[in-house]
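Before I ask anything, let me first share the structure, which is written out below as structure tokens.
Numbering of residues begins at 1 and proceeds along the displayed sequence. Because the structure is predicted, anything quoted here is derived from the model rather than measured. FYI, side chains are in, hydrogens and waters are out, and symmetry mates aren't considered; it's all heavy atoms of this structure.
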Amino acid sequence: MKALKWFGSRAVCVSDTIASLCSDANLSIHTDNPDLTPCFQNTILAWIPSIYLWTALPFYLLYLKRSKRGYIVLSMLSRFKTLFGVLLWCVSWADLFYSFHELLQSRTPPPVYFVTPLVIGITMLLATLLIQYERLRGVQSSGVLIIFWFLSVLCAVGPFRSKIGCANTVCVCRFRSATFYIYFVLLIIELILSCFKEKPPFFSPASADPNPSPELTSGFLSRLTFWWFTSFAIRGYKKPLEDKDLWSLNEDDVSKNIVQKLSREWDREKAEKEDVTYRKKSNHALNHVGDGPEEAEVLIRGKRHNRKPSFLKALLRTFGPYFLIGSFFKLIQDLLSFVNPQLLSVLISFIKNKDAPTWWGFLIAALMFTCTVLQTLIVHQHFQYCFVTGMRLRTGITGVIYRKSLVITNSAKRSSTVGEIVNLMSVDAQRFMDLVAFLNMLWSAPLQTCLALYFLWQALGPSVLAGVAVMVLLIPFNSAVAIKTRAFQVEQMQYKDSRIKLMNEILGGIKVLKLYAWEPSFSEKVLEIRKNELRVLKKSAYLNSLSNFAWTSSPFLVALTTFAVYVLVDERNTLDAEKAFVSLSLFNILKFPLAMLPQLISNITSVSLKRIQQFLSHDELDPNCVERNVIAPGKEFACFLHSINLLVPSGALVAVVGHVGCGKSSLLSALLGEMEKLEGEVAVKGSVAYVPQQAWIQNATLKDNILFGQAPNEQKYQNILEACALKADLEVLPGGDHTEIGEKGINLSGGQRQRVSLARAVFSSSDIYLLDDPLSAVDSHVAKHIFDQVIGPDGVLKGKTRVLVTHGIGFLPQVDHIVVLADGKISEMGSYQELLKQNKAFAEFLRNYALDENIEEDELTILESKRERFFPNGSVALTRQLSVISSEGGECPSKMSARRRVAEKKPAEPPLPRRNPNEKLIQAETTEVGTVKLTVFWQYMKAVSPVISLIICFLYCCQNAAAIGANVWLSDWTNEPVINGTQHNTSMRIGVYAALGLLQGFIVFVSSFTLAMGGINAARKLHAALLENKFHTPQSFYDTTPTGRVINRFSKDIFVIDEVIPPTILMFLGTFFVSLSTMIVIIASTPLFAVVIVPLAVLYFFVQRFYVATSRQLKRLESVSRSPIYSHFSETISGTSVIRAYQREKSFIDISDRKVDENQKCYYPSIVSNRWLGIRVEFVGNCIVLFAALFAVIGKSSLNAGLVGLSVSYALQVTLALNWMVRTTSDLETNIVAVERIKEYSETETEAPWIIEDKRPPADWPSRGELEFVNYSVRYRKGLDLVLKDLNLQVHGGEKIGIVGRTGAGKSSMTLCLFRILEAAKGEIRIDGVRISEIGLHDLRSRLTIIPQDPVLFSGTLRMNLDPFNKYSDEEVWKALELSHLKKFVSSQPSMLEFECSEGGENLSVGQRQLICLARALLRKTRILILDEATAAIDLETDDLIQMTIRTQFEDCTVLTIAHRLNTIMDYTRILVLDNGTIAEFDTPTNLIASRGIFYGMAKDAGLA
């Protein structure tokens, strides 16, 4: 009871005592030996750590409950921590029991001695328990406890000092001192122990990671300072980094997990909004609305507008929570940034007060340093969270777009080209990522502005409003500039899109451009777009210079107006150092949010989100739509297939025949569910394999292309190779079936690609086979082999359901059913015999093309006798008909067919003897290593022009001189003595200050404009050189370089040169000069500072070199690992129908995810490297602040307040500049590589000149059309074997020559030699006696005509595709169209000759494209025509027409035909048989058959002999 009474009586006094005891100014402030009062020491100071721990605890426990990492085994470290924790608790409570002991001894200690030990004891016990709880939750290093121990030590330092100080006086209680010393030592031990980390937890989800990131297992301090990254930086400095050095991604950053989350949220978002929209897709609405589908659609569309699912919401739900942690750090950092200006004001008043004790100054300097260090640590945590969010966002968006592209409908796909979709992935996702880093500015900028204004008001009163007014006026200006820039950006994106799209097509069809000598026309088109692009760039350069001017001048203008108003309003208002420099440092804080906000707002409203959302909201293919009846491939086309009723019995072989463009391929697409179903049902039972008309080949090995993700089965694989006639091809490929196939199957011939595509289908062992004309691309004997071995009644696929689209009538008798399509309807169907009996169009057609159907037994003999009858008369017509029937050879001619080739490229890679089996056709893209050579910078300076470069540097010097001048003038002004409460000549002071400041602004404007112009100039030169070179590059380069790689130069690297390098240089120069001027100012005001500059500079330099080496290599690796994502993506888009048919979407998604992860593996360390660098460089900056303040304190007696204000306010700015300087150095080094890469591709070897002025052939050359090969040999590329060996032959004018031979005999190579696509290894070719090697390439190529294997079309008008130079009149064009049987089709189009062909001519059938190529040839009408297998995917009638056209229109021309179907050349003048690059036979067909050589064998196979 006694104790309680005592407590009660004392409680009243406590509050008074604290008030009086805890604020003894004489004891703690106005003295040279400061100390804290005992009361303060024992209450507030002792309680701080406890208050912190108790506040943090609930949140921390919540976090621990959520995170599960397995538990950590009890280690020595943990035992010691616990032991010392218990000891601390004992020590605290020893004090408590001692107080009770005193009480019993009737000495009454103050109540503090009961409260404090009790609180501290409980807290220590809590901390000890927390150590164990953390161990059980798998925490290796605890931030919460480290901060707690640190605070405890910090709060014990004061009492420790005073206890030592008064040890010699007698005022001490021995026992309490002893316990305190023990307590202090234990605290320090705990702090040290807590800095070590525990072993990794047990039972944690063990990753079998070969190279896990040390981040997860690093301690708290290591994470705070990013120390765990140091080993990586050192490795990067010692040797250039490679893929194997990179750490694996953390679980949370792997694309699979991220995309899963994002997809889930997006689906949820769609589900919420889709109650109305979905009806459109599910077709029910349309089927049950009485007033016709149109109205229903309009109704639904009307409602749809207000309820679009928002992709933004999905993103916020997925990435928001993680991002908010970063925002929390940002908040703390914003508040901390206002502490230093206050400290500066205290420092200045300390300098003024000559009697103040020195330790004040040191304390202020220490506080400034602590504050800046804290700020550094916190701001980098904030950035780390933001950038990781950005990275995850990019991963998520890329993944979602990829997955969407696999299920999007054809009409939706048509609305955006491959290029645009890839752009969504690359550019827009990238923009998004860049935006996230600054998203917090949205709330942080207004907050900073308000705080700054509050403090300014305190210093300068209402005159701040003048400054605010200037700011407010600048905001609309900045916003206007930002909006305008945005508009220019959109416009420029459009030009860029169309330029890249055009380049993509040009590179895809480069061979055709070379053959036709069309390069100049296309080069002009590209340069035209480029000119517009640069025009827009120039406009935005004007704007950027304006905004730079505003950005530099705004803080200055604000300061100027504020000071001017303040001084002029009342002459009693004097401007002293404290007011001026504190205000200036506050204005500097304001600078950033004011400039960022408008930019940010315009970025947020940028195009990206709309484009992505629009793409993600496209209609998807209805997975349950496999359907029948009216179908159209896309909305804007008329229905392609009408009222089809078709039942294919299981195991049947059904042939689908009909004219070009009658809907055969569409029927198969319908069965695959690729078309948009308008009504009816489609049912397909079982799995499906699909062989498209144009084979889709991946950039992988040949074996992978066939296995297509199935488990390998060697026996089955070999059988299939045999059946698909691929064995022979494997022997000629350099690496057998491990040969890597280039993009789009570039190093396989059309036939090989088709067979690989077929082999893939057969290997998949599906139930249903949809074969879209697979036999047209192969030679006739191969077609027969494949039909017998694979497709036919006795083939590998017998018993499976097969739907075969074909033009070959020879196979029709062997099929179970025939379906005849005409204009999208089934005109007849039934078996072969039934159709003949029905005697309709089909029977008529067959009669024309197959004589004597009914003769079964002795056909061969009859044919033999017929042939004897025909040949003597040389009756062309009959022989021609005959050859059509029997071109197939074998048992029964009526079952044969005239075979066709699909339009596909010739082998770009000739068959070679095997060399190194692992030799890759496509070499991996090289990355530069090591430092960027100075020559690269010099090349860029040359492109800018050296004079301009010098002028720019000079302007920067002037600009900084003006800035320093203005501030020195201000400092001088503040030191002007105050007489009678006023300062003199204020107006002169204001005038000079204003002049200097505005001069600086003006120079900024001029210099940034000059720089931008120089940059644009350089961009123009570099692009023109690159383009020029790429049009002059020989074909062999394109055969070994993936298009994606060249496109990358034209898109990514040109973008860098256009838009990244100039601003980076601007930044670099800016930060460099700011840092320089800071040093000059500080040394000028406190010369002592020069001493520390050297060690700081050394430290800075080291950090910078480590960082730049690592960062540059990471960026390079990142850009190399980025292109595979996009090339795989565009490959996927072109093969979606195949991927879907085989149901391989899942594994393709995995491949894409893997590629994205590879890329992020390079990107993540580069984010961390920026943080690592930032903390180290800013530490150097913080030291500069510390020393500037310290030396100011030391030299207090000789300095005036103005100079101190000047030097410290400059020091406060330097941190940011130093950081940015390293970053921009690195960015510059990284980005200047683009110049290097473009240079590399602008200097690849070129082909011969296009026109040699003094060697131009006569205008009518070649007038006779004579060809002569003299000892001619050729090889594809240096180091490869000869493809043609010592050819000698002569062709007279007007002769018709057929060229035959098996795949790889050198047929196509011969035509390429005529056009000098391949240059002679030795020997020469003469045309009309002119050596073709001596004239310009265009003179040569424009006088020859070729109808190439691939009908390549470019997007643009039909007219442009026929005549890009506008050489011919419309009449001539129409005439050519008429002769090529396209007139009917073209005149039926509303836009006639202006009909828009889509990319690659996708909106025309392959046959129509081939006819357009024929029309091109008819327009040029030169004396020499080369047909490279021109009759590709065309039905027999059209084929006949073409052959007729060629025979009549090119009657007097020399015609060379590479034939796979001998019947087309049986009536030619002579036939050239090539074998393995040499001439085997060369004579008339009759003589060759008589001589029974190779040709006879081929003719026999084809049933012609």
Side-chain angles (χ1 to χ4, degrees), residues 18 22 36 40-67 69 72 77-96 111-160 179-180 182-198 219-224 325 328-329 331-332 335-336 370 374 377-378 381:
I18 286 181
C22 296
L36 295 165
F40 184 78
Q41 287 180 13
N42 286 328
T43 53
I44 298 173
L45 208 52
W47 296 341
I48 288 175
S50 308
I51 295 169
Y52 155 76
L53 190 63
W54 288 98
T55 331
L57 195 67
F59 301 106
Y60 188 49
L61 287 176
L62 197 71
Y63 162 75
L64 283 180
K65 216 176 162 67
R66 290 240 174 123
S67 81
R69 303 194 189 126
I72 297 173
L77 181 64
S78 185
R79 287 182 184 141
F80 273 120
K81 280 193 208 165
T82 316
L83 171 69
F84 288 121
V86 174
L87 285 177
L88 277 166
W89 169 60
C90 300
V91 170
S92 317
W93 279 21
D95 265 2
L96 179 65
V112 162
Y113 287 130
F114 291 93
V115 180
T116 304
L118 182 69
V119 171
I120 289 178
I122 294 174
T123 311
M124 290 305 163
L125 192 59
L126 182 75
T128 313
L129 292 171
L130 194 56
I131 291 172
Q132 285 308 314
Y133 185 60
E134 283 180 338
R135 179 179 71 79
L136 294 174
R137 305 303 293 182
V139 176
Q140 287 176 265
S141 167
S142 158
V144 172
L145 283 177
I146 289 181
I147 295 173
F148 169 70
W149 296 123
F150 179 69
L151 278 177
S152 304
V153 171
L154 203 63
C155 293
V157 169
F160 183 67
T179 53
F180 180 76
I182 296 171
Y183 170 76
F184 188 63
V185 172
L186 288 173
L187 279 182
I188 290 176
I189 293 174
E190 273 290 15
L191 177 61
I192 293 168
L193 286 179
S194 67
C195 292
F196 292 102
K197 60 171 191 183
E198 292 278 1
F220 169 74
L221 293 175
S222 167
R223 278 185 171 199
L224 193 63
I325 306 176
F328 171 68
F329 283 120
L331 177 67
I332 300 175
L335 299 176
L336 277 175
T370 314
L374 267 180
L377 292 175
I378 287 171
Q381 287 303 319

For the side chain of E190 and the backbone of G85, is there at least one donor-acceptor N/O pair under 3.5 Å apart?
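Side chain of E190 to backbone of G85: a pair is present.
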
Looking at V139, L145, L126, L77, which hits side chain to side chain contact (heavy atoms under 4.5 Å, CB included) with I131?
L145

Shortest non-hydrogen contact from L118 to W93?
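That closest heavy-atom pairing would be O-NE1, 3.7 Å.
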
Side chains of L130 and L57: does their closest heavy-atom pair fall under 4.5 Å?
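Yes - at least one pair of side-chain heavy atoms lies under 4.5 Å apart.
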
If you take all heavy atoms of K197 and G219, which pair is closest and at what distance?
CD-N, 3.8 Å

Got a second to check how far L187's CG is from I192's CD1, nearest 0.5 Å?
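Interatomic distance, L187 CG to I192 CD1, rounded to 0.5 Å: 11.0 Å.
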
Do the side chain of Y52 and the main chain of V144 share a donor and acceptor less than 3.5 angstrom apart?
yes

To the nearest 0.5 Å, how far apart are CD1 in I332 and CD1 in I378?
5.0 Å

OH of Y133: more than 12 outside heavy atoms within 6.0 angstrom?
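Yes - once you tally the heavy atoms of other residues, nucleotides and ligands closer than 6.0 Å, there are more than 12.
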
Least distance between heavy atoms, R223 atom then Q381 atom
O-NE2, 3.3 Å

Taking F148 as the fixed residue, which of S194, S142, P49 is the one that meets the side chain to side chain contact (heavy atoms under 4.5 Å, CB included) rule?
P49

Mind checking the CG-OG spacing from L151 to S50? Nearest 0.5 Å is all I need.
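Rounded to the nearest 0.5 Å, the CG-OG separation comes to 10.0 Å.
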
Closest contact, heavy atoms only, W89 versus G121
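Closest pair (atom of W89, atom of G121, distance): CD1-O, 3.1 Å.
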
Carefully, step by step, assess W54 and T123 under the rule side chain to side chain contact (heavy atoms under 4.5 Å, CB included).
CA-CA 8 Å; W54 288 98; T123 311; 3.3 Å; yes

Is there side-chain contact between P159 and L45, with at least one heavy-atom pair below 4.5 Å?
yes

To the nearest 0.5 Å, how far apart are CG in L125 and CD1 in I120?
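One finds 13.5 Å between CG of L125 and CD1 of I120.
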
Using modelled atom types only, decide if a donor and an acceptor are shared between the side chain of T179 and the backbone of V91 within a distance under 3.5 Å.
no

Mind checking ring-ring contact (aromatic ring centres under 6.0 Å, His included) for F160 and listing every partner two or more places apart, or none if nothing turns up?
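In terms of ring-ring contact (aromatic ring centres under 6.0 Å, His included), with neighbours along the sequence ignored, F160 is linked to Y181, F184.
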
Any chance you could measure F329, atom CZ, to I325, atom CD1, to the nearest 0.5 Å?
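The CZ atom of F329 sits 7.5 Å away from the CD1 atom of I325.
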
Could you tell me the separation between the CG atom of L61 and the CD atom of E134, rounded to the nearest 0.5 Å?
9.5 Å

Please work out whether the ring planes of F80 and F84 are parallel, tilted or perpendicular, with thresholds of 30° and 60°.
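Judged by the thresholds at 30° and 60°, the geometry between F80 and F84 is parallel.
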
Using every non-hydrogen atom in the two residues, find where F196 and K81 come nearest and quote the distance to one decimal.
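Nearest heavy atoms, F196 then K81: O-NZ, 4.3 Å.
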
Heavy atoms, side chains only, cut-off 4.5 Å: are I146 and S141 in contact?
yes

Which heavy atom in R137 sits nearest to a heavy atom in L64, and how many Å separate them?
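So the two residues come closest at NE-O, 3.2 Å.
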
